[in-house]
S.K.: 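Structure below; questions to follow.
Everything quoted here is computed from the prediction, not taken from an experiment.
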Number of protein chains: 2
Amino acid sequence: MNGTTEMLKGILEGIILEIINEHETYGYEITSRLQQMGFDDIAQGTVYTVLLRLEKKQLVTVSSKKSTQGPMRKFYALNAAGQVELATFWQRWQFIEGQMNTLKGAK
Amino acid sequence: MNGTTEMLKGILEGIILEIINEHETYGYEITSRLQQMGFDDIAQGTVYTVLLRLEKKQLVTVSSKKSTQGPMRKFYALNAAGQVELATFWQRWQFIEGQMNTLKGAK
DNA sequence: ACTGGTACATAGTAAAACTAAGTAGGCGAA
DNA sequence: TTCGCCTACTTAGTTTTACTATGTACCAGT
């Protein structure tokens, strides 16, 4: 199983990938979603750096749309590569989750 | 819930803490244990840097013992602070695991 | 005009893990 | 007896990821 240590650092990226996959969305909304999930110590800026990274890796498509309440929103959607990446992420996650449960159960 | 983002980077440290908690052990053994678990892309050096960190944070006690097959082994055991840290780690882990399942289930 | 909520960007830093290389002890085979 | 192999630990330098902090800017309601 390769890439798992990579993902130990990359859970947030996977979470954001999944959120985007649910429906096209933008940074500010993702941030509040994470906050609602209880990840309230994730800094605002962090989400945008992840988003920029996803864009650079070409896992998402971006489109600016007007907001009624503020500046333009940058909407993100997963492309094919993004969906592959997301599937891989969940596979790695399940692997780790399984190992963690074994470890915990052995206590 | 605080410290969770910290732990996204710190799963390995928690795993090692748990392994040590099972029984007093040393770096080389931990490395092979991780390898057996399927974390075969964890570099040898990484384990030792984690171990050194645990020592610096004063979460473990260390004692050198002779080996019949090679150089001295440095055995690690959790102290009280280490056990507290381990408990905290599992709490954070369960939180994240729960959130991840919710996220995944919503697909 | 001012305040507050919405919305994105980025420079600099810190933490964690990686790569890579080195040191060194003990043992068995050639 | 020396050479290779497994055992065992260390550390310097790099990359990745997230954090802190700050800045920009749009819009609505008062």
Side-chain angles (χ1 to χ4, degrees), chain A residues 2-17 20 24-36 39-57 59-60 62-76 85 89 92 96, chain B residues 2-17 20 24-36 39-57 59-60 62-76 85 89 92 96:
Chain A
N2 63 26
T4 44
T5 59
E6 199 54 42
M7 83 132 287
L8 297 178
K9 296 194 284 179
I11 294 178
L12 182 60
E13 189 174 307
I15 291 173
I16 291 179
L17 236 24
I20 294 172
E24 198 186 38
T25 183
Y26 55 99
Y28 194 80
E29 195 176 60
I30 293 171
T31 305
S32 24
R33 175 80 191 277
L34 289 169
Q35 232 116 51
Q36 277 164 35
F39 293 114
D40 46 20
D41 47 359
I42 292 176
Q44 241 232 346
T46 301
V47 174
Y48 293 103
T49 54
V50 173
L51 255 13
L52 259 357
R53 196 160 71 232
L54 295 178
E55 205 179 332
K56 197 178 290 173
K57 286 193 198 171
L59 301 175
V60 290
V62 193
S63 53
S64 283
K65 289 176 190 170
K66 272 178 204 156
S67 163
T68 48
Q69 298 169 24
M72 300 281 274
R73 293 169 176 166
K74 278 181 71 178
F75 279 84
Y76 293 85
E85 180 67 24
F89 168 74
R92 288 175 180 160
I96 289 182
Chain B
N2 65 25
T4 44
T5 58
E6 199 55 40
M7 84 131 286
L8 297 178
K9 294 194 284 180
I11 295 178
L12 181 59
E13 188 174 308
I15 292 173
I16 291 179
L17 236 24
I20 294 173
E24 198 186 38
T25 183
Y26 56 99
Y28 194 81
E29 194 176 58
I30 294 171
T31 305
S32 24
R33 174 79 191 276
L34 289 169
Q35 232 116 50
Q36 277 164 35
F39 294 114
D40 46 20
D41 47 358
I42 293 177
Q44 241 230 348
T46 301
V47 174
Y48 292 103
T49 53
V50 173
L51 255 14
L52 258 357
R53 196 160 70 233
L54 295 178
E55 204 178 334
K56 198 179 288 171
K57 286 193 198 171
L59 301 174
V60 289
V62 193
S63 54
S64 283
K65 289 175 191 170
K66 272 179 204 157
S67 162
T68 48
Q69 298 169 22
M72 299 281 275
R73 292 169 176 165
K74 278 181 72 178
F75 278 85
Y76 294 85
E85 180 68 22
F89 168 73
R92 288 176 181 159
I96 290 182

S.K.: Starting at CG of B:L34 and ending at P of C:dA16, how long is that distance when rounded to a whole Å?
M.R.: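 Taking CG of B:L34 and P of C:dA16, I get 17 Å after rounding.
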
S.K.: NZ of B:K65 versus P of D:dA8: gap in Å, rounded?
M.R.: 13 Å

S.K.: If the condition is salt bridge (Lys or Arg N to Asp or Glu O under 4.0 Å), which residues does B:E13 pass it with, not counting sequence neighbours?
M.R.: B:R53, B:K57

S.K.: Does C:dA7 have its OP1 or OP2 closer than 4.0 Å to a side-chain nitrogen or oxygen of A:Y26?
M.R.: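 A:Y26 to C:dA7 OP1/OP2: side-chain N or O found under 4.0 Å.
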
S.K.: Report yes if the side chains of B:Y76 and B:L54 come closer than 4.5 Å at any heavy-atom pair, otherwise no.
M.R.: no

S.K.: Roughly, in whole Å, what's the span from CZ in A:R33 to P in C:dA7?
M.R.: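 Whole-Å distance recorded here is 16 Å.
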
S.K.: Sequence neighbours left out, what passes ring pair (Phe, Tyr, Trp, His ring centres under 6.0 Å) with A:Y26? Give chain and number order.
M.R.: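 Applying ring pair (Phe, Tyr, Trp, His ring centres under 6.0 Å) to A:Y26 gives A:F75.
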
S.K.: Starting at atom NZ of B:K66, determine the distance to atom C1' of D:dT7, rounded to an integer number of angstrom.
M.R.: 17 Å

S.K.: Let me know the distance between CZ of A:F75 and C1' of C:dA7, rounded to the nearest Å.
M.R.: 11 Å

S.K.: Check the distance between C:dA14's P and B:K56's NZ and give it to me in whole angstrom.
M.R.: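 The distance from NZ of B:K56 to P of C:dA14 comes to 15 Å, rounded to the nearest Å.
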
S.K.: Would you mind reading off the distance between B:K74 atom NZ and C:dA24 atom C1', rounded to a whole angstrom?
M.R.: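 Atom-to-atom, B:K74 to C:dA24, this comes out as 15 Å.
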
S.K.: Going 5' to 3' through nucleotides 16-27 of chain D, assign each nucleotide B (protein heavy atom under 4.0 Å from a base atom), S (under 4.0 Å only from sugar-phosphate atoms) or - (no protein heavy atom that close).
M.R.: BSSBB----BBS

S.K.: Could you check if a side-chain atom of B:V62 sits within less than 4.5 angstrom of a side-chain atom of B:L51, using non-hydrogen atoms only?
M.R.: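 Counting from C-beta outward, B:V62 and B:L51 never come under 4.5 Å.
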
S.K.: Yes or no on side-chain contact (heavy atoms from CB on, under 4.5 Å) for B:F39 and A:I96, after CA distance, side-chain angles and deciding distance?
M.R.: CA-CA 9 Å; B:F39 294 114; A:I96 289 182; 4.2 Å; yes

S.K.: Please round to the nearest 0.5 Å and tell me the distance separating atom CD1 of B:I16 and atom CZ of B:R33.
M.R.: 11.5 Å

S.K.: Could you give the OH-to-P distance, from B:Y28 to D:dC5, as a whole number of Å?
M.R.: 14 Å

S.K.: Quick one: is C:dA9 close enough that its OP1 or OP2 comes under 4.0 Å of any side-chain N or O from A:Y48?
M.R.: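 It does not, given that no N or O in the side chain of A:Y48 lies less than 4.0 Å from OP1 or OP2 of C:dA9.
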
